[in-house]
Engineer: 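First, the structure itself, so that you have it in front of you.
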Amino acid sequence: MNKDKQILQEAYKLRFEYYNFYENKEPEWHNKYRNHKLYDIVVESFDYKYNEIGIIMPKLLGKLV
């Protein structure tokens, strides 16, 4: 698996985890991941609807370069 695909999967995982495991405990997620390299990108993705993530996440990850 190439590095870009791994990073994309990791970003999707963090977003999925936020909504599915930390519902009503969002501050805990933020405390856990605030120093993660993808934190800002994933937080920015919260501005988009779930059905838009497949399109927008790769674009947001483009900001890492």
Side-chain angles (χ1 to χ4, degrees):
M1 183 179 313
N2 69 29
K3 186 174 180 175
D4 291 339
K5 189 171 182 177
Q6 287 177 324
I7 291 171
L8 181 61
Q9 285 184 333
E10 188 174 357
Y12 288 142
K13 176 187 159 271
L14 294 177
R15 183 177 163 97
F16 175 83
E17 192 174 302
Y18 180 85
Y19 284 107
N20 290 297
F21 298 118
Y22 285 89
E23 188 173 350
N24 298 319
K25 298 180 277 182
E26 289 84 358
E28 291 176 27
W29 183 91
H30 288 283
N31 287 335
K32 181 177 179 180
Y33 291 111
R34 70 174 169 234
N35 294 320
H36 193 282
K37 65 183 177 188
L38 298 176
Y39 177 81
D40 292 330
I41 299 296
V42 175
V43 169
E44 188 173 345
S45 78
F46 297 160
D47 294 336
Y48 299 90
K49 294 179 182 176
Y50 193 77
N51 63 348
E52 299 172 312
I53 290 306
I55 296 167
I56 201 66
M57 190 65 81
K59 293 177 183 178
L60 293 175
L61 289 172
K63 294 179 179 184
L64 288 177
V65 178

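Just so it is clear, the model here is predicted, and its values are computed rather than measured. Counting begins at 1 with the first residue of the sequence.
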Engineer: Donor-acceptor pair, distance only, cut-off 3.5 Å: does the side chain of Glu28 make one with the backbone of Glu26?
Structural biologist: no

Engineer: Are Glu44 and Ile56 side-chain neighbours, meaning at least one heavy-atom pair lies under 4.5 Å?
Structural biologist: no

Engineer: Identify the heavy atoms of Leu64 and Lys37 that sit nearest to each other, and give their distance.
Structural biologist: CD2-O, 4.2 Å

Engineer: Please determine whether a side-chain nitrogen of the Lys or Arg among Lys13 and Glu17 lies less than 4.0 Å from a carboxylate oxygen of the Asp or Glu.
Structural biologist: yes

Engineer: Is there a side-chain contact between Val42 and Tyr18 in this structure, where contact means two heavy atoms from C-beta onward sitting under 4.5 Å apart?
Structural biologist: no

Engineer: Over 60° means perpendicular and under 30° means parallel, so classify the ring planes of Tyr33 and Trp29, tilted if in between.
Structural biologist: tilted

Engineer: Over all heavy atoms of both residues, which pair between Tyr12 and Pro58 is shortest? Give the atoms and the distance, please.
Structural biologist: OH-CD, 4.0 Å

Engineer: Which pair of non-hydrogen atoms, one from Leu38 and one from Leu14, has the smallest distance, and what is that distance?
Structural biologist: CB-CD1, 4.1 Å

Engineer: Can you tell me how far the NZ atom of Lys5 sits from the CD1 atom of Ile7, to the nearest 0.5 Å?
Structural biologist: 13.5 Å

Engineer: Could you give the distance from CZ (Arg34) to CG (Asn31), rounded to the nearest 0.5 Å?
Structural biologist: 4.5 Å

Engineer: Grouping I, L, V, M, F, W and Y whenever their side-chain heavy atoms are under 4.5 Å apart, do Tyr48 and Tyr50 come out in a common cluster?
Structural biologist: yes

Engineer: How long is the span from the CZ atom in Arg15 to the CD1 atom in Ile53, to the nearest 0.5 Å?
Structural biologist: 3.5 Å

Engineer: For His30 and Val43, which heavy atoms make the closest approach, and how far apart are they?
Structural biologist: CE1-CG2, 4.0 Å

